[in-house]
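Here's the structure, in structure tokens; my notes come after.
One-based numbering along the sequence shown.
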Amino acid sequence: MIRTYGGHSSAKASNELYRKNLAAGQTGLSVAFDLPTQTGYDSDHPLARGEVGKVGVPVRHLGDMETLFEDIPLDRMNTSMTINATAPWLLALYVATAERKGIARDRLSGTVQNDIMKEYLSRGTYVFPPKPSMKLTADVIAFTYDEIPRWNPTNVCSYHLQEAGATPEQELAFALSTAKAVIDAVKDTGQVPETDLPRVIGRIAFFVNAGMRFITEMCKMRAFVRLWDEITRDTYGVEEAKYRRFRYGMQVNSLGLTEQQPENNVYRILIEMLSVVLSKDARARAVQLPAWNEAMGLPRPWDQQWSIRMQQIMAFETDLLEYDDIFRDNPAVESKVDQLCQAAREEIARIDRMGGAVAAIEQGYMKERLVESNARRVAAIENGEQTVVGVNAYTKSEPSPLTSGTDGSFLAVDPKEEQAQIESLNQWRAARDDAKAEAALEELKAAARAGRNVMEPSIQCAHAGVTTGEWGDALREIYGGYRAPTGVGKQGGQPRGGQRPQRLADVQARVEQVSERLGRRLKMLVGKPGLDGHSNGAEQIAVRARDAGFEVVYEGIRLTPKQIVGGALEEGVHVVGLSILSGSHVELVQEVMRRMREQGLSDVPVVVGGIIPESDAETLRAAGVAAIYTPKDYDLTAIMADIVEIVDREGERAA
């Protein structure tokens, strides 16, 4: 299955993109949704400001879903939807769209990711607490196995675990523990007869990440195959081999794509893809590749086509598919697989003793381990133990013709698109039958209160014109909201080796000097405004700031600018650091700066980190931002040294 992950701006623009990619030879669709859609908000919600259409397509109601798949035959298309907390709702919209086309449910094929567990650990687009979220996951599984038998109702996702710093052993253990929690949740709801459980387990798929350590990544996939076979056979009594098969799709590691010398990313993508296609005994069933320029912004259609061509060349020009497994019985490979399996088994047993994956998440254990691992990874790049070509080695480069275009070499979403989406949403609400929509929402809430499966009521909501935000609010009313552990409360990240301890000691000394001059300990607020849940960078900044001697205030993701500025005022901080990776930096930072001025905090410097083009950086500097850091600024200790000097200058100026 050849896919690229795509969607942006509007359902109409995304439909045009999908049809272009299918014409270029793509054989399936992989839908990216914008952050309001992923977190159950409509485009006009305050938290959605600046986020509409930025990292994916906004889908607020049945009309959007119909537009998204206009002229695309759903009965012949395999559609992957990367959606988790709102997976029941987006699947309901997809089913309702098919029904409006006269297509029976059992003719649909595809996947909803529907893995809420990794959202608490890495991606951050959760909505409800873990237990009711797992109930929603089980509802989707119980509904699809009978109604949509060709559908993969969950895609246990280890991809973002690696993005958050997971070691291969952690990736194996955390993903497989999640899969066990999913099976247990299905059993606990009683919606699936015990005799049908093997068939349900056979529909569970996985979505993995492949990094640059080619041999390790290839062995990791072979370990996944072996361990999943063990778990399904020994723990759940699945006898038929086809139901124990480890079925997975993959995307290569976007974390490893670099803003510096971005042309090198083409080679990285190819090498990472090889680790999941060369090994026939553990080969991916579907591959989607990022584009070379995703460290800079959204890929254009041509950039996505280049990634499609890479897969086509591998599939049709090489002899890869003509041979049996070329690594079977290789002693080096078998030894590495044995090592990974043993370490993963030990970690799974540790999680089991805590009460399983849900308990390990609620207690903060898994998140803390990821923050620790990521701190070690960041430190290794900083001190040169881990080489990244073009970043910390071989940095001298000729100008790249790939980045010389007038469009900045990536796709920029028109800021006016958000207002257009809000207007279209208002038109939808005005045209529907409100009484019918309200009745459907009441039935949804009744099902949730009674513990019934929410899928049929959700499909009826879709047909009644209910919006994504209304669906989300209805279930928030029943289940409540949630704020996941940040993982930074107990973690230190002091780097080891080389000259790093001395450099950090120098920064610590400056923090002491400036703190003494100001009369109290330097305090930094690290904030994540908007709906962006990619918290890895913010977590590492918070950890390194504390190691440098700052007092740190970090409350996690999904804060409004008003909450961030209120926190800065209440805590009396000396500097505010904002982390935004969704492309909404201009709107959100400008609002933070405006509120800072209104609260008399103009003398508190604001620094910003994210994927920020230079044209936007100029806009932010003009708004008063003191410093801007992008992925090329990988040296966190240097960033801390810079921030100390910024605070010192502002303190002297204020005095």
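- For the residue pair Arg268/Thr258, the side-chain donor-acceptor check at 3.5 Å is satisfied.
- A donor-acceptor pair is defined here as one N or O able to donate and one able to accept, closer than 3.5 Å; no such pair exists between the side chain of Asp616 and the backbone of Val586.
- Under a 4.0 Å N-O distance rule, the pair Arg226/Asp338 qualifies as a salt bridge.
- Within the 3.5 Å criterion, the main-chain N or O of Leu370 finds no donor-acceptor partner in the side chain of Glu539.
- With hydrogens and angles left out, the side-chain atoms of Ser158 and Tyr248 include no donor and acceptor closer than 3.5 Å.
- Closest approach of Thr395 and Gln261 over heavy atoms only: O-NE2, 3.3 Å.
- Put simply, the side chain of Trp151 reaches to within 4.5 Å of the side chain of Leu91, judged on heavy atoms.
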Using side chain to side chain contact (heavy atoms under 4.5 Å, CB included), reason through Tyr482 and Ser133 one step at a time and then give a plain yes or no.
CA-CA 10 Å; Tyr482 187 69; Ser133 293; over 6 Å; no
Using side chain to side chain contact (heavy atoms under 4.5 Å, CB included), reason through Thr82 and Phe207 one step at a time and then give a plain yes or no.
CA-CA 10 Å; Thr82 303; Phe207 185 69; over 6 Å; no
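- Proximity of a side-chain donor or acceptor of Thr37 to a complementary backbone N or O of Val59 within less than 3.5 Å is detected.
- In the model, Arg247 has a side-chain atom that pairs as donor or acceptor with a side-chain atom of Asn152 under 3.5 Å.
- Without hydrogens or angle criteria, Asn84 side chain to Asn114 main chain gives a donor-acceptor distance under 3.5 Å.
- Asn374 approaches Asn536 most closely through the heavy-atom pair ND2-CB, 3.8 Å.
- Cation-pi geometry between Arg123 and Tyr159 is not met at under 6.0 angstrom from the ring centre and within 45 degrees of the axis.
- Between Phe206 and Phe224, the ring planes are tilted. Angles from 30° to 60° get that label.
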Counting only pairs under 3.5 Å, give me each side-chain donor-acceptor contact of residues 284-292, with atom names and distances, residues two or more places apart or in other chains.
{"from": "Gln288", "atom 1": "OE1", "to": "Ser30", "atom 2": "OG", "distance (Å)": "2.8"}
{"from": "Gln288", "atom 1": "NE2", "to": "Gln251", "atom 2": "OE1", "distance (Å)": "3.0"}
{"from": "Trp292", "atom 1": "NE1", "to": "Asp303", "atom 2": "OD1", "distance (Å)": "2.9"}

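- Donor-acceptor pairing under 3.5 Å is recorded for the side chains of Gln304 and Asn21.
- Side-chain atoms of Arg222 and Ser279 form a donor-acceptor pair, as typed in the model, at a separation below 3.5 Å.
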Applying side-chain hydrogen bond (donor to acceptor under 3.5 Å, both in side chains) to Gln162 and Asn253, what does each step give before you reach the verdict?
CA-CA 8 Å; Gln162 187 176 130; Asn253 190 346; 2.8 Å; yes
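- Residues passing the side chain to side chain donor-acceptor pair (under 3.5 Å) test with Gln26, sequence neighbours excluded: Thr4.
- The CG atom of Asn155 sits 6.0 Å away from the CD atom of Gln113 when rounded to the nearest 0.5 Å.
- Between Glu51 and Lys54 there is no salt bridge, since none of the side-chain N atoms of the basic residue sits less than 4.0 Å from a carboxylate O of the acidic one.
- A donor-acceptor contact shorter than 3.5 Å is absent between the side chain of Asp319 and the backbone of Glu322.
- The pair Glu230-Arg345 counts as a salt bridge, with a side-chain nitrogen and a carboxylate oxygen less than 4.0 angstrom apart.
- Side chains of Asn209 and Glu171: a donor-acceptor N/O pair is absent below 3.5 angstrom, by distance only.
- Across Lys367 and Leu121, no two heavy atoms sit closer than the pair NZ-O, 2.7 Å.
- Applying the 6.0 Å contact sphere to OH of Tyr267 captures no more than 12 heavy atoms from other residues, nucleotides or ligands.
- Ser275 contributes no side-chain N or O that, together with a main-chain N or O of Ile271, makes up a donor-acceptor pair within less than 3.5 Å.
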